[in-house]
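Read the structure below first, then the notes.
Residues: numbered from 1 along the sequence shown. Computation of the quantities below employed the complete heavy-atom set of this structure, encompassing side-chain atoms and omitting hydrogens, waters and symmetry-equivalent molecules.
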Amino acid sequence: MDAQKVDMFMMMNSKYFESHHLNAVREKLLTLDETKWGLVQTMQFKEPTTSLIVSLLGGNLGIDRFMIGDTGMGIGKLLTCGGLGIWAIIDWFLIMGATREKNMETFQNTFY
């Protein structure tokens, strides 16, 4: 794929990935052929900041985990009321990283 297109994608979407994954994303995009550009442009990633806000407001019910696709952890948080509040507080610090990891998983499942 054209390096200019890849650079544009990286500028627009780098906030959705962990910093240590950015090089792997860039390298994979450079190896793709031009026919995949439409697929790359239409990929939808979860916003880490939105996940944090949802975690602050509805973390005790596991809504944040359901939102990013961690259904099992969401059910666990729902049944334990966020681990009696402790799990919910811990997730305030972890949810943005978990969202970025899920975005990387989505990217990998699409192209690998």
Side-chain angles (χ1 to χ4, degrees):
M1 189 175 300
D2 183 30
Q4 191 175 19
K5 289 179 182 179
V6 171
D7 290 339
M8 183 177 67
F9 176 85
M10 295 303 293
M11 284 190 320
M12 299 298 294
N13 296 301
S14 64
K15 65 182 177 182
Y16 298 121
F17 300 102
E18 292 284 350
S19 60
H20 62 275
H21 289 287
L22 291 177
N23 194 33
V25 170
R26 188 175 195 292
E27 293 300 319
K28 181 61 181 174
L29 289 174
L30 285 172
T31 62
L32 294 176
D33 60 349
E34 291 292 329
T35 60
K36 302 280 186 181
W37 180 241
L39 179 62
V40 169
Q41 286 182 315
T42 59
M43 290 184 71
Q44 297 289 317
F45 298 111
K46 305 286 189 211
E47 176 68 49
T49 308
T50 304
S51 297
L52 177 62
I53 293 169
V54 170
S55 184
L56 291 170
L57 299 175
N60 284 339
L61 300 175
I63 297 170
D64 52 347
R65 289 296 179 163
F66 285 118
M67 189 178 93
I68 67 170
D70 277 343
T71 307
M73 292 183 82
I75 290 172
K77 281 179 77 172
L78 179 64
L79 295 176
T80 62
C81 294
L84 301 174
I86 296 169
W87 190 358
I89 292 170
I90 292 170
D91 249 1
W92 294 346
F93 299 97
L94 301 179
I95 194 67
M96 290 180 74
T99 304
R100 288 183 178 111
E101 290 294 330
K102 284 292 184 175
N103 287 337
M104 185 62 183
E105 186 178 310
T106 300
F107 180 82
Q108 288 176 336
N109 290 338
T110 303
F111 294 116
Y112 286 100

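- Put simply, the side chain of Glu47 does not reach to within 4.5 Å of the side chain of Thr99, judged on heavy atoms.
- The structure places OG1 of Thr42 at 7.5 Å from CD of Gln44, a figure rounded to the nearest 0.5 Å.
- Here CE of Met104 is found 8.5 Å from CG of Leu22. Values are rounded to the nearest 0.5 Å.
- Counting heavy atoms of neighbouring residues, nucleotides and ligands inside a 6.0 Å radius, atom NZ of Lys46 does not exceed 12 of them.
- By the 4.5 Å side-chain criterion applied to Ile, Leu, Val, Met, Phe, Trp and Tyr, Leu94 is assigned to a cluster that also includes Ile86, Ile90.
- Rounded to the nearest 0.5 Å, atoms CG (Leu29) and CZ (Phe111) are 6.5 Å apart.
- Under the 4.5 Å side-chain criterion, counting only non-hydrogen atoms from C-beta, Met73 is in contact with Trp87.
- Screening Val40, Asp33, Leu30, Thr35 for a side chain to side chain contact (heavy atoms under 4.5 Å, CB included) involving Met1 leaves a single residue, Val40.
- Nearest approach of Phe17 to Asn13, heavy atoms of both residues: CD1-O, 3.4 Å.
- Side-chain atoms of Ile89 and Trp92, non-hydrogen and from C-beta on, do get closer than 4.5 Å to each other.
- Using modelled atom types, one side-chain atom of Glu34 and one backbone atom of Asp2 make a donor-acceptor pair closer than 3.5 Å.
- Atom-to-atom distance recorded for Asp70:CG and Lys102:NZ is 4.0 Å, nearest 0.5 angstrom.
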Please report, to 0.1 Å, the donor-acceptor pairs under 3.5 Å made by any side chain of residues 74-81, with sequence neighbours excluded.
from	atom 1	to	atom 2	distance (Å)
Lys77	NZ	Gly59	O	3.2
Lys77	NZ	Asp64	OD1	3.2
Lys77	NZ	Asp64	OD2	3.0
Lys77	NZ	Asp91	OD2	2.8
Thr80	OG1	Gly76	O	2.8
Thr80	OG1	Gly83	N	2.9

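- With values rounded to the nearest 0.5 angstrom, Leu56 atom CG is found 11.0 Å from Ser51 atom OG.
- One N or O on the side chain of Thr110 and one on the backbone of Thr106 form a donor-acceptor pair closer than 3.5 Å.
- Heavy atoms only, all atoms of each residue included: Arg100 and Lys15 are closest at NE-O, 3.1 Å.
- A pairwise comparison of heavy atoms in Phe107 and Met43 identifies CA-CE, 3.7 Å as the closest pair.
- Rounded to the nearest 0.5 Å, atoms CZ (Phe66) and CD1 (Ile63) are 9.0 Å apart.
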